[in-house]
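Below, chains carry the letters A, B, ... as their sequence lines are ordered, and counting in each starts from 1. As the structure is a prediction and not an experimental result, all values here were calculated from the model.
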2 protein chains.
Amino acid sequence: MATIRDVARLANVSVATVSRVLNGSSKVSEQSRRAVLIAQKELSFCLNANARALAHQDSEIIGATVPDLSDPYFGAMIRACERTAQLQGFTLLVLQGFHDPLREEKAIENLISHQCRGLIIHALSMKEQDLKAYMQRIPYMVLVNRELEGFKDRCISIDNEKGEYLAVKHLIEKGHKKIAYIGSSHKIHDAFERKAGFLKALHEAGLEADPKLILEDEPYLEGGAAATRLLLSRKVPFTAIACYNDNMAAGVMSEIFEAGLSIPDDVSVVGFDDLFLARCLNPKLTTIHHPVDEMGRDAVLLSTSIYNQSPEPFIPSTFEVNLVERKSVTHPKA
Amino acid sequence: MATIRDVARLANVSVATVSRVLNGSSKVSEQSRRAVLIAQKELSFCLNANARALAHQDSEIIGATVPDLSDPYFGAMIRACERTAQLQGFTLLVLQGFHDPLREEKAIENLISHQCRGLIIHALSMKEQDLKAYMQRIPYMVLVNRELEGFKDRCISIDNEKGEYLAVKHLIEKGHKKIAYIGSSHKIHDAFERKAGFLKALHEAGLEADPKLILEDEPYLEGGAAATRLLLSRKVPFTAIACYNDNMAAGVMSEIFEAGLSIPDDVSVVGFDDLFLARCLNPKLTTIHHPVDEMGRDAVLLSTSIYNQSPEPFIPSTFEVNLVERKSVTHPKA
DNA sequence: GACTATAATGTAAACGTTTACATTGTGATA
DNA sequence: TATCACAATGTAAACGTTTACATTATAGTC
């Protein structure tokens, strides 16, 4: 690999001049400028980002962790993060935690070691205490989809309880009384909040929550399917299912069909997240929308604004959840 | 941020000893070791990856570009890449090209500047010539899903033509004779190959390809839907649709239902890619499977093996495409 | 006690940039 | 002509590590 010194030699100028040309900083004569650019092309030269970060004391890297990039929900979020980072001239370094506290912690350490000048963390498995320590240590670390006592102003998340509440209220308004809930077995914040929203809506309508109609499984397609099989085997009548997320709803729908029932005529289904997937399902899924793109964008903006110690601090949008009515819900039969 | 010097001072040893402890290299007395570790914890110290890369002349970063992380196909691929990278002790730096040749090129430059020790490039929009220049310059750069003359041994891709051929042959074997093709309007390799596969299967069966039944649009849900509307408006009879990919198939299915037709009874549909999505659709989508995970894994393994100049070069698996029969295809009526 | 082999540690020179400061060259002004 | 202002450029010291080499301490051997 050629270095800046090689370019300087070839262009017959000093390294400082090369650096100035390549960074567009300070004044350089048109002649030197040209010579440097030619030498650069000749050598296919490219500044070394590591050396640059070291000298400059700024890595131009924003770090992010996310559980799993193959999940379109996180894909969409990261996409928004990278877009925003790129717009600010930064590069996004993404690591996956795979729902494992150890890997999540390793990922954060890794990002710190790269001297990230922004940190967006989506880590649901790590212990609160450990996460707090990092939040304390890195003032510009921002949390997504997790609320942490004492750091609310650096947590970007939606009102999960309200979301699920809206979903279930919608079912109740349609006339459903026997509503099942297929939740996530992950012991995290979102899971608790969404279940609370379900119970709240029931309670508010004076409906009893039947424990036999409340199940939990892994928050993926397969989990939704498995829970549905279990639910059907219990022979407890129900007319609607509220799901922890769209992925589970997809599994739920597939098993309902498998059982020879129809959606929404026999069973109404609501999801949560409003993934791309929701529009692909048939019938199209009624679900709770939340603005993933804006969350990703605001997380980056918030983190960098803290890092830069901007005079007027960045205030993230309030992320409204709302119901998107599609075709998977109708009135119960009879 | 504390530096290695601070740790050395606190632990009352030299920087070299700290470095040795933190890198697990060479022999260090248990006493020094302990002192260093304590000092490290005390200062929350973390080696600076940039300085490390500079001194060490090895960044421990593997770079990758992909068009768009919100697309589950790429998400799945990147996930496999990161897994493999992590297993080797490297960090994956992912950049998005957003189907834009300029951004793709910028992404590659960016990765080069970070001194990546492995390069996995999924860039379909860049001109062949420009890409070749990079391939020439970076011997360990590996291409995914794109074949480049003269660099076949560094291209990881599937046989698109064969895939589409299998899909269409399946339709023909079921008795279909009037088969529509909804392809991608992107002017890339995959698009041409898959269309060629479609034509080949038709030709082999002695069937005529009706130009009115061949459409193109953006390779996403919306594109599939738009093409289907156009197709239906043409009033040319058909009994099956072969799609460029699963995303388009989802749009196709949704419009077919919208038109009051049923799948597969009125229209059979085949996709391509076998995304997670294919199993979510109703009916579940018959499609062409290819091993995204293994491709991601092998891309990383190949790139690093070249970088390391391994004595015995890594030979990527041959990536077999095959038909996955689900529920979206049946015999044509009558 | 003198010597040697070896383990543990320290010293200082890289690595490839950026940038404060110093130097040079040029034209304008008095 | 001497002086000044200013633009263009160069010099060299950081930045935080790693690591070759040098040094010191320790134990074993004769």
Query raised in the report: Is the NZ or CZ atom of A:R79 positioned over B:F98's six-membered ring, under 6.0 angstrom from the centre and within 45° of the axis?
Result: no

Requested in this report: Sort and list the pairs that fulfil salt bridge (charged side-chain N to carboxylate O under 4.0 Å, His left out) and have at least one residue in residues 306-318 of chain A, not counting sequence neighbours.
Outcome: none

Requested in this report: Show your reasoning for whether side-chain contact (heavy atoms from CB on, under 4.5 Å) applies to B:L92 and B:I78.
Outcome: CA-CA 9 Å; B:L92 191 76; B:I78 286 304; 4.1 Å; yes

Query raised in the report: How do A:R5 and A:R20 order along DNA chain C: which one's closest nucleotide is nearer the 5' end?
Result: A:R5

Report summary line: Note: B:M77 and B:M295 closest approach over all heavy atoms is CE-CB, 4.2 Å

Query - Atom of B:I62, atom of B:I120 and distance for their closest heavy-atom approach - result: CG2-CG1, 4.3 Å

Query - Partners passing ring-ring contact (aromatic ring centres under 6.0 Å, His included) against B:H290 (at least two apart in sequence or in another chain) - result: B:Y73, B:F272

Query raised in the report: Where along residues 6-19 of chain A does a heavy atom fall under 4.0 Å from DNA chain C?
Result: A:A16, A:S19

Report task. Nearest 0.5 Å please: distance from the NE2 atom of A:H189 over to the CZ atom of A:R146. Result -> 8.5 Å

**Report entry** Criterion ring pair (Phe, Tyr, Trp, His ring centres under 6.0 Å) against A:Y140, the qualifying member of A:F314, A:Y307, A:Y134
**Finding:** A:Y307

**Report entry** Residues which pass salt bridge (charged side-chain N to carboxylate O under 4.0 Å, His left out) with A:D130, listed by chain and number, not counting sequence neighbours
**Finding:** none

Query raised in the report: Mapping B:Q57 and A:N23 to their closest nucleotides on DNA chain C, which lands nearer the 5' end?
Result: B:Q57

Report task. Please round to 10 degrees the angle between the axis of the first five pairs and the axis of the last five pairs in the helix from C:dG1-D:dC30 to C:dA30-D:dT1. Result -> 60°

Report summary line: For A:Q88 and A:T304 the tightest heavy-atom approach is NE2-OG1, 3.5 Å

Report task. Using the heavy-atom set of chain B and a strict 4.0 Å cut-off, write down the first and last nucleotide of DNA chain D that makes it in, 5' to 3'. Result -> D:dG16 to D:dT19

